[in-house]
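We name chains A, B, ... by the order of the sequence lines, and we start the count at 1 in each one. Atom set for the values below is all heavy atoms of this structure, side chains included, hydrogens, waters and symmetry mates excluded. All values derive from a computational prediction rather than experimental measurement.
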Number of protein chains: 2
Amino acid sequence: MDESAPPSPETDEPPTLAQVAAYAGVSPITVSRVVRLPALVAVPTRQRVEAAMLALGYVPNLVAGSLASARTRSVGVLVPTVANAIFADTIQGISDALEPLGYAVFLAQSRYDPDREDKMLAALLARRPEALIMVGSPATAAGARMLRRARIPVVETWDLPDDPIDAVAGFDNTKAGAVVARHFAASGRRLLGFLGGDDPRATRRWLGFQRVALEAGLDAPLRVVHARNAGAGVAAADGMRGLDAVFVANDALAIGLLSGLRHMGRRVPDDVAVIGLGDLETGRLINPALSTVRIDGETIGRTAAGLTISRDGPRRVDLGFELLTRETG
Amino acid sequence: MDESAPPSPETDEPPTLAQVAAYAGVSPITVSRVVRLPALVAVPTRQRVEAAMLALGYVPNLVAGSLASARTRSVGVLVPTVANAIFADTIQGISDALEPLGYAVFLAQSRYDPDREDKMLAALLARRPEALIMVGSPATAAGARMLRRARIPVVETWDLPDDPIDAVAGFDNTKAGAVVARHFAASGRRLLGFLGGDDPRATRRWLGFQRVALEAGLDAPLRVVHARNAGAGVAAADGMRGLDAVFVANDALAIGLLSGLRHMGRRVPDDVAVIGLGDLETGRLINPALSTVRIDGETIGRTAAGLTISRDGPRRVDLGFELLTRETG
DNA sequence: TGGAGGAATGACAGCGCTATCATTTGGCAC
DNA sequence: GTGCCAAATGATAGCGCTGTCATTCCTCCA
C-alpha cells in the first residue's frame, strides 16, 4: 500500500486500513480492532488511531471486511413493489429494527412476476445477505430451492404458508376473507363481490370469502381481477353494478372504488358496502370512513427482522388482523 | 478449495467458483467468464460449465467479485422515510431503472435526523456503492465532506440546491410555495397558513409562500409545524381556526387536515381552501378532491438513476411541478 | 522471586473472486 | 510449408480486510 510515499491526508484514492495503520504507527490489525472491538485496544493507542482515521477521512471497506469475515451484515428484502403503502410500512419496520444493529438492507422488487422474482432472488443471494425477508412465498420451485440452499434465515411475510422454508410472520389471508364474508352475510348483504389482484395472497382471501358466502347460502360471489392501484378501483366500479357488498383486497383500490361508485350515483353503504384491507391512514380520514381489515405492516416488518436476528423461539408468528367496521360497511 | 474430496453436488457449504471449475474440468477464470462474459467462451465449454453450475447450485459470490474488481454494482439510497408514499415512488423509480442493469439498491432511512443521516451515509459508503442518491442535501458539513471524498456520483433529489455536491434531480421548492400563495391571493384568500415539517425542503416552500403572501399585501401568513403523517393533520385543524387558505407540505397531511376541518364544521373550500403537495393518488379520489402541487416522484427516481449511470449531459435537472386545482382550493 | 495469567499488540494466511498478461491452438494467406 | 493472427484458455497475483494463532510486557501473589 504505497510504502514509498509517506501516507498523507487527502489523497485522491480512499485510504485503506493499512494506510491508517502506517499513519498511526500501528499494525493494520490494531486499526481493525479500533473499528470493531475498541475495548480491546488501550486508550492512548485507540486515540492515536482515531485521530489517524479522522485525518485521512477513513471509511472502512465493508466489502473487504465481509469477504474476510464471511459476515456481510446485510439482509435482502424482496417485495412485490415499494410503491404500495402496505409494503412500505413493512420495509420501514424491517429497516428500523435492523439499521441500529449495523445491518444494511438490500431492496428488490418482484413486480408480482415469478420470473423477475427468481432473478431478484438470485441477485440478492449473490450479495450473500445474512438473511432474506420476502412478502409471500417464492412463486417457483426454483426460487424455493435457491432459498433453501442458501442456508440463511428466510422469513416469509404477509401470509401463513403451510410449508414455509424457514420462518413466517404474517396472518391468515383465507380467514381474513372469511371474516369479511361472514360480516357481510350477518349484515344482510346478499350479492357479494371481491376485487383484487390474482397473486397467491389475494387468491387466498378470495377463497375464504367465497367459501363462507356459499356456506351462508348466498349466491356465488363475483371475483373481479384488476390492477392494484387506486385508479383501477375507479374503473372497477362499473363491474360491480349488481352487487350490494364488495371486499377489496387493498385500501388504495377500495378508495378508488368508492370514488367510482360515487360517480355512478351509488350510495355507500346504503346501496353497496365496501370493506378494504390494510388500514391505510387516509382510509380512516375520508368521508365516508373506509371499513377495513387492519393489518399492521410495520409490526410484520419488525417481527420478520426479529426472526432473522434470532433463531430461538417460534418460527411461525401469526400477527392476526382486525375487522374495523367504520362507515362504508 | 477442498482438493482432497472430489467435488460433489449438494454439499452443505455453498460451492465456490473453484469447485465449479474443478467439476467442469476447466480453470476458475473460465467459470468466471461464463458468468460475466459468456461470449468469450466456446460453446461446448460454456455448456459444460453451465451444467456444472446447475449441478452444484452455484450462486456467484458478488462480495468477492466486488472486492476483486473494485465494482460493487450497487447504489446507496438515503430517504427520510420509506413510509411516505412520496418517497416510495422515488425509490420505485430508482429501483426500476437500476435493477435491470444488475445494480442492487441499498436502502437507508434518516428519519429527518441529521445525526442518523450521517451515520447512515457512513454505513452506506462503507459498502462502497458506485453511486449515492439521496432526498435533499446532506444536513451537516461532515456528511457533505464524506460524500465529496467518496468520489462517486451523488444525486440530490426533491430539491434544487445552489451548490450541489454533484448532480441534482428535483424541483424548486421555493417556487412551489410561491405559486400556491399567488393562487390563494388571486382567488381572494386573505389569511394564509402553512402546515408542514421543518426540514429544509418544507422550509423553502414556506419561505416562497410567505414572501409572495407579503408581496401581495396580505397579512403575515401563519406557519404551523407538525409531524408529517395524516393523523397529525387532523390535530392541526384546530390551529387553523382564523385562516381561509392553507398550504400543506404533503398530501397525506392535507387529507388529515381535511378530516379535522370537516369535524370542526368548516366547509372546504367555502370557508377554507386547502392545497397539498405530492399528488397522492388517493387525494384525487376523495370528496372533495384535493387540490395539490403535483410532483412526479417516480420520474425523480428514474432521472436520478440516469444521472448515476452516465456522467454525460447536464448534472442539474429541474423536473418542475404543476399546480392542480381541483375541489379544495 | 519466580511464574502464572491477563492485557495489548502483531504476523501470517486466506476469504472468493477478477485484472492482467501469458500460452496454446487452429485457420488461412502467400 | 511458414508465418501470422484471432480465438480460447490458463497462471499468477492481489483486492482490503479479519480469524487465528503467536508474542511481548506487565502485574500480582504464592
Item checked: Under 3.5 Å donor-acceptor pair, A:R33 side-chain atoms to C:dG10 base atoms -> yes
**OP:** Give a yes/no on whether any side-chain N or O of B:S27 is located under 4.0 angstrom from OP1 or OP2 of D:dG10.
**Re:** yes
Looking only at D:dT18, C:dC17, D:dC17, the nucleotide nearest the A:N61 side chain is D:dC17
Taking only N and O in the side chain of A:Y58, is any of them less than 4.0 Å away from OP1 or OP2 of D:dC17? yes
Between A:D113 and A:R111, is there a side-chain N and carboxylate O pair less than 4.0 Å apart? no
Touch check for B:V26, heavy atoms < 4.0 angstrom, all strands: base, sugar-phosphate only, or nothing? sugar-phosphate
Rounding to 0.5 Å, atoms CG (A:D118) and CG (A:L78) come to a distance of 9.5 Å
Between CG of A:L17 and P of D:dT18 the distance, given in whole Å, is 6 Å
Here the residues of residues 40-47 of chain B within 4.0 Å heavy-atom distance, strictly under, of DNA chain D are B:V41, B:A42, B:T45
### Query
Taking the side chain from B:R116 and the backbone from B:Q109, do they hold a donor-acceptor pair closer than 3.5 Å?
yes
To the nearest angstrom, the CG-P distance between A:L67 and C:dC17 comes to 9 Å
- Message: So, OP1 or OP2 of C:dG10: does either fall under 4.0 Å of a side-chain N or O from A:T30?
- Response: yes
CE (A:M134) and OG1 (A:T157) are apart, to the nearest 0.5 Å, by 8.5 Å
Practice problem: Look at the aromatic rings of B:F171 and B:W158 and report parallel, tilted or perpendicular, splitting at 30° and 60°. | Solution: perpendicular
Self-check item: Contact under 4.0 Å: A:R73 side-chain N or O vs D:dC17 OP1/OP2
Solution: no
**Asked** Reckon A:R71 has a side-chain N or O less than 4.0 Å from the OP1 or OP2 of D:dT18?
**Response** no
When rounded to whole Å, the CZ to P distance for the pair B:R48 and D:dA8 reads 14 Å
Contacts of B:S74 meeting side-chain hydrogen bond (donor to acceptor under 3.5 Å, both in side chains) (sequence neighbours excluded), chain-then-number -> B:T72
Of the listed C:dA19, C:dC15, C:dG10, the closest approach to the B:R36 side chain comes from C:dA19
Whole-Å distance, A:I29 CD1 to C:dT9 P, equals 13 Å
When rounded to whole Å, the CG to P distance for the pair B:L37 and D:dT9 reads 13 Å
Between CZ of B:R128 and C1' of D:dC15 the distance, given in whole Å, is 12 Å
Subject >> Note: B:R71-B:E130 ion pair, threshold 4.0 Å (strictly below) >> reply: yes
When rounded to whole Å, the CZ to C1' distance for the pair B:R127 and D:dC17 reads 14 Å
